[in-house]
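Presented below is the structure to which this report refers.
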Number of protein chains: 2
Amino acid sequence: MSDTHISVRQAETSHSECRAVADILARIGDKWTVMVIGVLSHGPMRYNQLHRAVEGISQRMLTLTLKGLEQDGLLKRTVYPTVPPRVDYQLTELGLTLIVPLQSLYEWAVENRPAMQAARKKFAQNKPETGLS
Amino acid sequence: MSDTHISVRQAETSHSECRAVADILARIGDKWTVMVIGVLSHGPMRYNQLHRAVEGISQRMLTLTLKGLEQDGLLKRTVYPTVPPRVDYQLTELGLTLIVPLQSLYEWAVENRPAMQAARKKFAQNKPETGLS
DNA sequence: CTGAATCCACCAAGATACTG
DNA sequence: CAGTATCTTGGTGGATTCAG
């Protein structure tokens, strides 16, 4: 079982590396974060704009998501002391770099989601996997 | 607010794309899935091997994670009708392709996690963000 | 307009014990 | 060895209300 014959070049993934990925996933893997990042990748937005753009998110979740992103330095919050108050949210440089791996994930998604859904459907149908010659 | 002047080339991310990413994240974004994938990227493994390799996972969570991966066609479960029973788990072709975007995420993680943790620390310290010129 | 606060439902996940 | 069953708990997320 030596790992020297593995044909996949990307198979350098080991325990510590998985922890790193899992760590990031713990922050962007929730229900709304990637949505907010995606919307904000178009440019700065105000609170209510985000609330409408994400569509389905509650105020609470939007606030929590934004706070989490700001906390991790992925988001910048700018308050204009006007009346009524105005707050702009925009991705930081760090936040913008995150779009790259997210795109990678997106490309995998559009290409393989059909296969995943088909597999899921087959699995639900009592696993008729007897497609072997 | 036209999106024609956006300077970021990766900013093609729109609503539907975010949903695709969020959809994948809903399946691999949990606590253990990427761990299991990472371990299995080294080659096939048996149940107890996985249980030891992932380290910290309960039997229940391991079983559920494996079942989820198998359901989505990312994992193949092979049962050897011996005594005692032996079950091998290995990533499918589809599952192996998932390693690519995962690597992309990993590379981002190792490069930017320090910045994230620093930002998080600063945020906790009453946000001394006064680092402007 | 931009949140904060509160309450509540649901589910992920851990612990433990049991089975084939 | 490879799971399943049951119970319990903490956290996530939704709805609603209140405030600056």
Side-chain angles (χ1 to χ4, degrees), chain A residues 1 18-19 21-37 39-40 44-72 75-90 123 127, chain B residues 1 18-19 21-37 39-40 43-72 75-90 123 126-127:
Chain A
M1 285 302 297
C18 293
R19 279 188 51 211
V21 175
D23 193 35
I24 301 300
L25 248 43
R27 310 187 183 279
I28 69 165
D30 60 76
K31 193 173 181 180
W32 299 109
T33 296
V34 290
M35 301 283 221
V36 172
I37 291 178
V39 169
L40 281 176
M45 265 199 187
R46 299 179 56 176
Y47 185 85
N48 268 3
Q49 278 184 301
L50 283 166
H51 195 196
R52 283 190 301 270
V54 174
E55 189 158 9
I57 195 172
S58 62
Q59 288 188 336
R60 171 185 150 87
M61 281 304 107
L62 178 56
T63 302
L64 286 179
T65 303
L66 291 172
K67 198 166 296 180
L69 286 171
E70 186 193 2
Q71 182 178 245
D72 288 349
L75 196 67
K76 186 167 182 290
R77 186 173 178 269
T78 309
V79 181
Y80 299 95
T82 63
V83 44
R86 167 189 176 148
V87 182
D88 267 26
Y89 292 94
Q90 59 179 322
F123 194 91
K127 304 177 60 179
Chain B
M1 282 303 295
C18 294
R19 280 188 50 210
V21 175
D23 193 34
I24 301 301
L25 248 43
R27 310 187 184 281
I28 70 166
D30 60 77
K31 193 173 181 179
W32 299 109
T33 296
V34 290
M35 302 282 222
V36 172
I37 291 178
V39 169
L40 281 175
M45 266 200 187
R46 300 178 56 175
Y47 185 85
N48 269 1
Q49 278 184 300
L50 283 166
H51 196 196
R52 284 189 301 270
V54 175
E55 188 158 8
I57 196 172
S58 62
Q59 287 188 336
R60 172 185 149 85
M61 279 303 107
L62 179 56
T63 301
L64 287 179
T65 302
L66 291 171
K67 198 167 295 182
L69 286 171
E70 186 193 2
Q71 182 178 246
D72 287 349
L75 196 69
K76 185 169 181 290
R77 184 173 179 269
T78 310
V79 181
Y80 299 96
T82 61
V83 46
R86 168 190 176 146
V87 182
D88 267 26
Y89 292 94
Q90 60 179 321
F123 194 90
N126 196 22
K127 306 177 60 180

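Side chains included, hydrogens not; waters and symmetry mates left out as well; all remaining heavy atoms used. Every chain is numbered from 1 and lettered A, B, ... according to where its sequence line falls, protein lines coming before strand lines.
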Rounded to the nearest angstrom, tell me the gap between atom CD in A:E70 and atom P in C:dT2.
15 Å
Out of D:dG3, D:dC1, C:dC1, which nucleotide sits closest to the side chain of B:Y47?
D:dG3
Using whole Å, report how far CG of B:D30 lies from C1' of D:dG11.
15 Å
Any B:Y89 side-chain nitrogen or oxygen under 4.0 Å from OP1 or OP2 of D:dC1
no
Could you give the CG-to-C1' distance, from A:L64 to C:dT2, as a whole number of Å?
14 Å
Whole-Å distance separating the CG atom of B:L66 from the C1' atom of D:dA2:
11 Å
To the closest 0.5 Å, what do you measure between OG1 (B:T33) and CE (B:M61)?
10.0 Å
On DNA chain D, does the nearest nucleotide to B:P85 precede the nearest nucleotide to A:W32 from the 5' side, or the other way round? Give the residue.
B:P85
To the nearest 0.5 Å, how far apart are CD in A:Q49 and CG in A:L40?
9.5 Å
Just verifying a value: how many Å separate B:Q90 CD and B:M45 CE, rounded to the nearest 0.5 Å?
12.5 Å
Has A:K31 got a side-chain N or O lying under 4.0 Å from the OP1 or OP2 atom of D:dG14?
yes
For A:D88 and C:dG3, what is the distance between atoms CG and P respectively, to the nearest whole Å?
10 Å
Atom CZ of A:R77 and atom CG of A:L69: how far apart are they, to the nearest 0.5 Å?
13.0 Å
Which residues, if any, of residues 54-63 of chain B bring a heavy atom under 4.0 Å of DNA chain D?
B:Q59, B:R60, B:T63
Exam field: side chain A:Y47 to backbone A:Y89, donor-acceptor pair closer than 3.5 Å:
no
Output for pair (A:L64 CG, A:Q71 CD), nearest 0.5 Å, gives 11.0 Å
Using whole Å, what does the distance between atom C1' of nucleotide D:dG3 and atom NE2 of B:H51 come to?
11 Å
In whole Å, what is the span from the CZ atom of A:R77 to the P atom of C:dC1?
16 Å
Atom-to-atom span, CZ of A:R52 to C1' of C:dT2 - whole angstrom:
13 Å
Hey, mind stepping through A:R27 and A:D23 against salt bridge (Lys or Arg N to Asp or Glu O under 4.0 Å) and telling me if it holds?
CA-CA 7 Å; A:R27 310 187 183 279; A:D23 193 35; 3.8 Å; yes
